[in-house]
Number of protein chains: 2
Amino acid sequence: MNIGNASDKSGLPAKTIRYYEDIGLLKPDRADNGYRDYSISDVHKLRFLQRSRGLGFTVEECRQLLALYEDKSRASADVKSIAQSKLQEIERKIVELRELQHTLKHLVAHCHGDQRPDCPILESISGAARPDPS
Amino acid sequence: MNIGNASDKSGLPAKTIRYYEDIGLLKPDRADNGYRDYSISDVHKLRFLQRSRGLGFTVEECRQLLALYEDKSRASADVKSIAQSKLQEIERKIVELRELQHTLKHLVAHCHGDQRPDCPILESISGAARPDPS
DNA sequence: CTTGACCTTCCAGTTACTGGAAAGATTACC
DNA sequence: GGTAATCTTTCCAGTAACTGGAAGGTCAAG
C-alpha cells in the first residue's frame, strides 16, 4: 500500500514515516513507479512506533524494541529486561500524571468559572505538588 | 539564590533554566555581580515547568498556565477552561500508558528470560493493541 | 488529455533543549 | 595574599525529532 494509506492506518504523518525510513527504523519495498509500498507488517510496526513515541519513549528506545522484534535469534532475556525497565518508566509516568490530574482538578473545583479575577488556585500548582523539604 | 541552587531545587538543568529565561518564561532578578537571583516563587514556577514539561505539555501550553498564574486580572474562566482541556489530555495519556503497560506485562509474562530465542511475544506489540478494523 | 490528488527528493526551518568555549566571580585552602 | 577549584556569565554551535515547502514525476477521473 502507498504511504498515504499507511499514514491513515498508523496514525503517523507521511512526513514522519519517511523520516523514520531516513533514520533506518523501517525499510518498505518500492513499487515499480518508485512509490513506497507498505506491507501489513510495516503498518504494525508504524502503529507500534506511533504508540510508543506518543508516550514519551525516545526513537532510540523504539529502535531497540523493533530490533528485538525483528531479530528472532536474539535471546528473549533481552526483551524481558528491556520491557521491565520500560514498565518502571511507565509506572512512574502514570503516577506523575495522576499528581498533575489531582492538581488541575483542584484548580477546576475551586475556580468559579465566572468573570471574577483573583483565582487563587493556580498558587497550588506551583507550591502544592511536592512541598520543599527544606 | 544562584542558578545551581535553583537547578537542584527544581530538578531542571541550569542550561534549561537559562533557556526558559531566553524564551521569556521567567525573569529572575540579577545580583550585583550579574548572577541570576532566584526567589522561592521562581523555584515554584520552575518546578511546575519541570513537572508539566516532563508530562508532555508543550512549552507554549506551560506558558499559558504560567501567564494565568501571574496575571491576576485575568478572568478565572480562562483558567478553568484551559485546565479542563488539559484534564482530558491527561486522562487520554493515562489510558494509553495503561495499554502499553498491559502489552509489556504480557510480554514479560510470556518471555522465558532464558537463552531461548523465538520469543513469540513481541508480535503482540505490533498487532494486539488495536486490531485493524478492516 | 488535462486536472487534481497523490507520490518523489531535497533543503530549510522549528522546538526544546544540550554541549562547549572563553572569560569573569566566588569560595576554599595553604 | 595567592591560587586552584568551582561557580557563573554570554555566545555560538549541535542535536533530536520532526515539519513545511518547493520542484517535479505519477496516476485515476471525467
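Letters A, B, ... mirror the listed sequences (proteins, then strands); counts begin at 1. Just so it is clear, the structure is predicted and the values come from calculations on it, not from any experiment.
A salt bridge is absent between B:R18 and B:E21; no separation between the charged side-chain nitrogens and carboxylate oxygens falls under 4.0 Å. Ion pairing between a basic and an acidic side chain is recognised when a charged N comes within 4.0 Å of a carboxylate O; A:E96 and A:K93 show no such pairing.
Taking atom CG on B:N2 and atom C1' on D:dT6, their separation rounds to 12 Å, with Å as the unit. Rounded to whole Å, atom P of C:dT27 lies 12 Å from atom CG of B:N5. Distance CG (A:D22) to P (C:dC10): 9 Å, rounded to an integer number of Å. Nucleotide D:dC7 holds its C1' atom 16 Å from the CE atom of B:M1, rounded to whole Å. In this structure, A:E21 places its CD atom 15 Å from P of D:dC18, rounding to the nearest Å. What separates OH of A:Y19 from P of C:dC10 is a distance of 17 Å, to the nearest Å. Between the CG atom of B:D29 and the P atom of D:dT9 there is a distance of 13 Å, given to the nearest Å. One can place CD1 of A:I17 at 14 Å from C1' of D:dT19, the figure rounded to the nearest angstrom.
Between the side chains of B:R98 and B:Q101, at least one donor N or O sits under 3.5 Å from an acceptor N or O.
Taking only side-chain nitrogens and oxygens, A:R36 never comes nearer than 4.0 Å to OP1 or OP2 of C:dC7. A:R18 has no side-chain polar atom (N or O) that falls below the 4.0 Å cut-off from OP1 or OP2 of D:dC18. Dashed line: the shortest gap from a side-chain N or O of A:T16 to OP1 or OP2 of D:dA17 is not under 4.0 Å. In this model, the phosphate group of C:dA25 is not approached by any side-chain N or O of B:R30 to a distance below 4.0 Å at OP1 or OP2. At the phosphate of C:dT26, OP1 or OP2 sits under 4.0 Å from a side-chain N or O atom of B:N33. OP1 or OP2 of D:dC18 sits under 4.0 Å from a side-chain N or O of A:Y20.
Between the side chain of B:N2 and the backbone N or O of B:G4, no donor-acceptor pair lies under 3.5 Å.
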When you look at B:S7 and B:I17, which way does the side-chain contact (heavy atoms from CB on, under 4.5 Å) test go after all the steps?
CA-CA 7 Å; B:S7 169; B:I17 296 177; 4.1 Å; yes
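Mapping A:K15 and A:Y35 onto DNA chain C by nearest heavy atom places A:Y35 closer to the 5' end of the strand. DNA chain D is contacted by both B:I3 and A:D32; B:I3 maps to the nucleotide lying nearer its 5′ end (nearest heavy atom per residue).
Using a 4.0 Å heavy-atom distance criterion, B:I23 is classed as making no nucleic acid contact.
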